[in-house]
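Contents: one structure, followed by commentary.
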There are 2 protein chains.
Amino acid sequence: MNELFFQKFNEKVPLTSEEQEQIKEYLTPKKLRKRQYILQEGDVCKAISFVEKGALRAYTVDENSNEHIIQFAIEGWTISDLFSFLTAEPATYNIDALEDAELLLITRTAHEELLRTQPKYEKYIRLLITGAYIALQRRLTSNISLPADERYTRFTETYPDIAQRVPQHMIASYIGLTPETLSRVRKKMADRK
Amino acid sequence: MNELFFQKFNEKVPLTSEEQEQIKEYLTPKKLRKRQYILQEGDVCKAISFVEKGALRAYTVDENSNEHIIQFAIEGWTISDLFSFLTAEPATYNIDALEDAELLLITRTAHEELLRTQPKYEKYIRLLITGAYIALQRRLTSNISLPADERYTRFTETYPDIAQRVPQHMIASYIGLTPETLSRVRKKMADRK
DNA sequence: AAAAACCCTTGACTTTTGTCAATGAAACAG
DNA sequence: CTGTTTCATTGACAAAAGTCAAGGGTTTTT
């Protein structure tokens with residue numbers, strides 16, 4: 001099932017069916033059980049993962065074994081440790097499944113080959129990363145300039161689907177709070193209504 | 001003087017001198033006085049600015065008229081409100097000069113034309129944005145998971161040149177602190193030594 | 001050269017957020 | 001079905017960061 005991948009691809013860069021077939025050759029399907037890793041810190045990130053189904057997260061673990069959520073990805077989105085993927089240096093992130101998931105992997109060799117042979121793939125990647133960059137800049141701006149309650153509201157408004165599927169303590173981490181603080185923020189917001 | 005621009009370009013994507021001449025045609029030089037705006041919130045961002053000389057910053061202003069520094073750029077770096085530039089929506093950032101500056105502008109029409117006609121430009125842009133994305137992800141990770149003093153140390157280590165050139169209260173804002181807090185953090189760090 | 005604007009520091013105090021610990025509910029696994 | 005793990009909440013307290021206000025040193029402007 002590659003439907004979602006090519007739907008998203010075509011939204012960015014329209015493909016002929018021949019081009020689509022050609023690119024399909026480079027995609028590796030992979031199923032993941034809940035809690036299964038697709039990448040562990042220290043390993044080299046070997047692929048970009050497109051999520052056809054399910055939910056994943058990227059996170060780090062600090063000295064005090066606190067987890068910090070870097071990114072969520074659900075159907076239609078892409079997740080990777082880009083730095084590790086592009087440089088072949090050890091990854092600083094862990095990526096695992098929050099639900100059983102079906103992925104399409106673009107391995108490094110597939111990526112390089114596609115970049116070389118398929119200009120539309122280069123454009124797709126450029127647009128993908130540009131979108132990711134803009135989203136990240138927004139997130140950082142919120143994080144620097146907004147108080148906890150607004151960060152949370154903005155998160156639920158921007159990603160209502162994710163907000164309902166992932167545990168609350170991970171959302172807390174994503175917006176830079178402890179679980180306890182988020183719990184209290186939510187309570188206060190409920191009281192104010 | 002386009003030296004720095006092409007030096008950086010060639011580091012990413014080697015150019016023949018003909019290609020270089022062709023691309024040069026699309027660059028618009030611009031000088032900026034200290035405090036002069038190259039972009040104001042609400043206007044549409046008309047160009048990507050490469051800094052040949054001087055220093056600029058991008059920032060937002062919130063309801064309480066607090067400034068929040070989004071980005072610095074000095075010689076060899078690029079600055080823009082990418083979202084506004086790419087979508088032609090009104091900018092959410094202000095960008096102005098911290099020192100007298102010399103820029104090379106890539107206007108939207110130049111950008112589109114170059115994307116269409118010069119594959120090496122597309123590659124350059126892809127690599128540029130990828131680098132920016134990775135840097136931003138690192139910054140966000142620090143911001144979420146590190147205490148104030150380590151954020152500051154990491155900033156000065158990562159950008160020693162910027163740390164020495166820009167006012168301290170702007171660095172405070174960049175790492176998500178008030179000027180007072182940064183001042184105290186610095187004092188504590190000096191005492192510990 | 002004087003006035004104004006900017007910048008950093010410091011003190012006193014407030015607010016926000018984190019930490020530790022305990023509890024109960026729900027989800028999960030054998 | 002039952003023991004275990006995960007998750008959210010709450011309380012009491014501690015730590016971190018913000019706010020307000022003042023002072024003095026620079027730099028900039030006129």
Gap between atoms [atom1] and [atom2], on [X] and [N] respectively (whole Å):
{"X": "B:R186", "N": "C:dT10", "atom1": "CZ", "atom2": "C1'", "value": "14 Å"}
{"X": "A:Q168", "N": "D:dT10", "atom1": "CD", "atom2": "P", "value": "11 Å"}
{"X": "B:I144", "N": "D:dA16", "atom1": "CD1", "atom2": "P", "value": "20 Å"}
{"X": "B:M189", "N": "C:dC8", "atom1": "CE", "atom2": "C1'", "value": "16 Å"}
{"X": "A:R33", "N": "C:dC28", "atom1": "CZ", "atom2": "C1'", "value": "14 Å"}
{"X": "B:I171", "N": "C:dT9", "atom1": "CD1", "atom2": "P", "value": "11 Å"}
{"X": "B:R165", "N": "C:dC7", "atom1": "CZ", "atom2": "P", "value": "16 Å"}
{"X": "A:I175", "N": "C:dT17", "atom1": "CD1", "atom2": "P", "value": "10 Å"}

key: First encountered from the 5' end of DNA chain C, between B:L182 and A:L177   =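 Nearer the 5' end of the strand: B:L182.
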
key: Residues, nucleotides or ligands: over 12 heavy atoms within 6.0 Å of A:K12 NZ   =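 More than 12 heavy atoms, drawn from other residues, nucleotides or ligands, come within 6.0 Å of this atom.
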
Looking only at side-chain N and O atoms, does [X] come under 4.0 Å of OP1 or OP2 in [N]?
{"X": "B:H169", "N": "C:dC6", "result": "no"}
{"X": "A:K187", "N": "D:dA8", "result": "no"}
{"X": "A:K34", "N": "C:dC28", "result": "yes"}

query = Is any side-chain N or O of A:R184 under 3.5 Å from a base N or O of C:dT19, one able to act as donor and the other as acceptor?
reply = yes

query = Got a donor-acceptor pair under 3.5 Å from the side chain of A:E180 to the base of C:dC20?
reply = yes

query = Roughly how far apart are B:I171 CD1 and B:Y159 OH, rounded to 0.5 Å?
reply = 12.0 Å

ask   = Within 45° of the six-membered ring axis of B:Y174 and under 6.0 Å from that ring's centre, is NZ or CZ of B:R57 located there?
value = no

query = Taking for each residue the nucleotide of DNA chain D with the nearest heavy atom, is it B:T181 or A:R35 whose nucleotide lies nearer the 5' end?
reply =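 The residue closer to the strand's 5' end, by nearest nucleotide, is A:R35.
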
inquiry  = Please pick, from D:dT10, C:dT10, C:dC7, the nucleotide with the shortest atom-to-atom distance to any side-chain atom of A:S183.
reply    =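 Nearest nucleotide to the side chain: D:dT10.
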
Min side-chain heavy-atom separation A:F50-A:L27 under 4.5 Å = no

task = Would you mind checking if B:E157 and B:R154 are paired as a salt bridge, meaning a charged N to carboxylate O distance below 4.0 Å?
result = no

